[in-house]
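The structure appears below as C-alpha cells.
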Amino acid sequence: MFSYYFKLGVRSLRRNPALTALMVLTLAIGVAASVSTLTILHVMSGDPIPEKSDRLFVPLVDNGQIEGWVPSDGRNDDQLGYIDAANFLKSGQGERRTAMYGVMRPVEPPRTDIPAFNASGMAPTRDFFAMFNVPFLHGQAWTEGDDTRGADVVVLGRETAEKLFGDANPVGKQLRIGGFPYTVVGVTDTWAPVPRYYKLIGGSRFGQGEEFFIPFSNALRHEMGHNGSMSCNANRDPGFANLLLSECTWIQFWFETKSSADRAELQSWLDNYANDQRTLGRLKRNAPNDLYNVMEWMEQMKVVGNDSKLQAWLAFGFLILCLVNTVGLLLAKFSVRAAEIGVRRALGASRADVFKQFLIETGVVGLVGGLLGLVLAFGALALIGMQSRGMAIVARMDWQMLLLTFVMSVLAALLAGLLPTWRACQVTPAIQLKSQ
C-alpha cells in the first residue's frame with residue numbers, strides 16, 4: 001500500500017514540475033544555509049584539542065601601573081610581560097612550558113625567481129610543538145640546545161615550504177629571514193584546527209596558519225619586534241631593549257600539566273609567585289591571578305565572537321523563512337485539489353486513505369528538499385575545507401543539529417499538506433462534486 005501511495009504522490013508532483021521544483025529548492029536552500037553556517041560555528045567553538053585541553057593553562061598576572069586603576073577595572077591585557085614569561089620558563093612548573101609572540105619578518109628565498117616577501121611567524125619555545133600536537137611533514141622541532149643558545153633555525157609551514165622549495169624536502173637547506181641565515185629543521189604538516197589554534201595562541205586571521213616558527217630566544221637575540229599591539233606601545237615605540245625591561249604586555253604563555261588535577265597546585269604556585277613579585281615592588285595591583293584552560297581561554301579571547309553567533313541565528317531564521325515559504329506553496333497546491341478528494345471519497349476512499357496519500361506526497365517534497373539541502377551543505381563545507389587546507393569541516397559536523405534541521409524540513413512539508421487535506425475531508429463528497 002505504501003508503494004502505491006508513493007507512486008501516486010510522485011505522479012501528482014510531476015503534474016506541475018515548476019511548482020514542485022520551487023518547493024524542493026526553497027527547502028534545500030534553507031537547509032543548506034542553516035547546516036553550513038551552524039556547522040562552521042560548531043567547528044570554531046568546539047574543543048580544538050580535546051585530548052589535553054583540560055591540562056593546558058594560560059597564567060595571567062596583572063603587571064599594569066597602579067595610577068588611575070581601581071579593582072573594578074580588571075586587567076588591561078590578557079598577555080604577559082617579558083620578565084614574568086622568563087620567570088615562568090625557569091620555574092620548572094608543569095610537564096612543559098612555552099612562551100611565544102608573533103613576529104613579521106622579510107623572507108629572502110634561496111631561489112632567484114622568487115622575490116623577497118614579508119611573512120608572519122611565531123616565536124615559541126621547543127615545547128610548543130608537543131604541547132599543541134603540531135604534526136610534521138618533514139624533520140622535527142629544534143632541540144633544547146637551540147632554545148638555549150637562540151640558534152638560527154626555523155620550522156616552516158607547509159605552504160611556505162612548498163612556495164620556497166617546491167615538493168622537495170627542505171630540511172638542512174638555508175634561507176634568510178630578516179637578513180640573517182636560517183637553517184630549516186622541519187616543516188609542519190597540514191594542521192587541522194589551524195583557525196581556532198591561531199586565535200587561541202594570539203592570532204587574528206581566520207583560515208591561515210603560521211608561515212614560519214623560530215625559537216623564542218632567537219627572536220629576542222635578533223631583537224625582533226612584536227607583530228601586534230602592546231598596551232604600553234599604542235602611541236610610541238619604546239625600543240626593543242626597553243620592552244625587555246618594561247611591563248609591556250606582549251607575550252603569551254602556556255603550561256602543560258600531567259593531569260587536570262594539578263590545576264590547584266599550579267594556581268597555588270602562581271599566587272605565591274605574584275605575592276613575591278608584589279613584595280619586590282614589581283606587581284603593584286592586587287588583582288586576581290588567573291589560570292585558563294583551553295576552553296576557558298577560547299571564551300576569554302572570544303574565539304567565537306558575537307557576530308558569528310548572530311550569523312548563526314540569521315541562518316536559522318533563514319531556514320524558518322524557507323520553511324514558511326514552502327508551507328505556503330504546499331497550502332496553495334493542496335487547497336485546489338478539493339475536487340480530486342471529492343472524487344476519491346465518492347469512489348469509496350476513506351478519510352484515512354486520503355490522508356495517507358497526501359501525507360506521503362508531502363513527505364516526498366520534504367525528503368527530497370531536505371536531502372538536496374544536505375548535499376548542497378556537504379558540497380559547500382567540503383569547498384570551504386579545501387580553501388582552508390586541512391580543516392575537516394564535514395567530519396566535525398554536529399550530527400544532532402543536522403538531524404534536527406532535516407526533520408524540521410520534513411515536518412514542515414507534512415504539516416503543510418495535512419491542513420488543507422483535513423479541511424477538504426470534512427466536506428461531503430456530493431457537495432464537492434456538485435460545486436465542480
Side-chain angles (χ1 to χ4, degrees), residues 79 82 85 98-126 128-129 134 136-142 146-147 149-191 194-195 197-199 201-230 233-244 248 250-252 388-389:
Q79 299 186 67
Y82 170 76
T98 186
M100 65 186 80
Y101 74 99
V103 295
M104 176 75 75
R105 307 300 289 175
V107 175
E108 302 174 43
R111 296 164 50 183
T112 58
D113 59 326
I114 301 178
F117 59 92
N118 282 329
S120 63
M122 184 67 70
T125 63
R126 181 180 189 275
F128 166 83
F129 300 97
V134 181
F136 277 83
L137 180 66
H138 301 295
Q140 58 188 357
W142 52 78
D146 292 333
D147 261 338
R149 63 179 180 272
D152 291 333
V153 292
V154 61
V155 170
L156 299 176
R158 181 170 182 170
E159 291 187 5
T160 306
E162 291 176 351
K163 179 178 180 179
L164 296 174
F165 300 100
D167 295 331
N169 182 352
V171 173
K173 297 183 179 180
Q174 286 196 333
L175 69 158
R176 297 182 70 85
I177 300 177
F180 299 98
Y182 281 78
T183 301
V184 179
V185 296
V187 176
T188 60
D189 201 353
T190 301
W191 198 4
V194 159
Y197 268 137
Y198 189 88
K199 193 161 187 179
I201 59 178
S204 59
R205 298 174 304 167
F206 180 83
Q208 300 182 32
E210 297 299 344
E211 296 176 270
F212 66 88
F213 299 85
I214 58 176
F216 179 75
S217 54
N218 177 270
L220 298 180
R221 183 167 67 84
H222 289 310
E223 300 187 358
M224 294 187 184
H226 179 272
N227 180 27
S229 62
M230 292 169 277
N233 194 27
N235 301 311
R236 63 189 180 89
D237 181 4
F240 186 83
N242 290 334
L243 284 177
L244 297 185
C248 292
W250 61 308
I251 296 173
Q252 190 175 124
S388 302
R389 297 182 56 174

By salt bridge (charged side-chain N to carboxylate O under 4.0 Å, His left out) - contacts of Asp147 (at least two apart): none
Main-chain N/O of Thr125 paired to Thr98 side chain as donor or acceptor, under 3.5 Å: yes
Side-chain donor or acceptor of Glu211 paired with backbone N/O of Ser120 under 3.5 Å: yes
Residue list, side-chain hydrogen bond (donor to acceptor under 3.5 Å, both in side chains) with Asn169, at least two apart or on another chain: none
Asp113: side-chain hydrogen bond (donor to acceptor under 3.5 Å, both in side chains) partners, not counting sequence neighbours: Arg111
Atom of Ala219, atom of Ile214 and distance for their closest heavy-atom approach: CB-CD1, 4.0 Å
Shortest non-hydrogen contact from Ala85 toward Ala99: CB-CB, 4.3 Å
Please name all residues satisfying side chain to side chain contact (heavy atoms under 4.5 Å, CB included) with [X], sequence neighbours left out, ordered by chain then number.
X: Val185; answer: Trp142, Val153, Val155
X: Asp167; answer: none
X: Pro109; answer: Ile114, Phe117, Leu164
X: Ala161; answer: Leu156, Pro170, Val187

Centroid separation Phe129 to Phe136 less than 6.0 Å: yes
Test of ring centre spacing under 6.0 Å for Phe213 and Phe128: yes
Glu162/Arg158 ion pair, N-O < 4.0 Å: yes
Do [X] and [Y] have side-chain heavy atoms sitting under 4.5 Å apart?
X: Met224; Y: Tyr101; value: yes
X: Tyr182; Y: Asn218; value: yes
X: Arg221; Y: Asp152; value: yes
X: Leu220; Y: Tyr82; value: yes

Once you round to the nearest 0.5 Å, how far does [atom1] of [X] lie from [atom2] of [Y]?
X: Thr188; Y: Gln140; atom1: OG1; atom2: CD; result: 14.0 Å
X: Met122; Y: Phe216; atom1: CE; atom2: CZ; result: 11.5 Å
X: Leu175; Y: Phe212; atom1: CG; atom2: CZ; result: 9.0 Å
X: His222; Y: Ile177; atom1: NE2; atom2: CD1; result: 9.5 Å

Within residues 170-180 or reaching into it, pairs that qualify as side chain to side chain donor-acceptor pair (under 3.5 Å) - sequence neighbours excluded: Gln174-Thr183
Qualifying residues under ring-ring contact (aromatic ring centres under 6.0 Å, His included), relative to Phe165, sequence neighbours excluded: none
Salt bridge (Lys or Arg N to Asp or Glu O under 4.0 Å) partners of residues 115-125, not counting sequence neighbours, each pair once: none
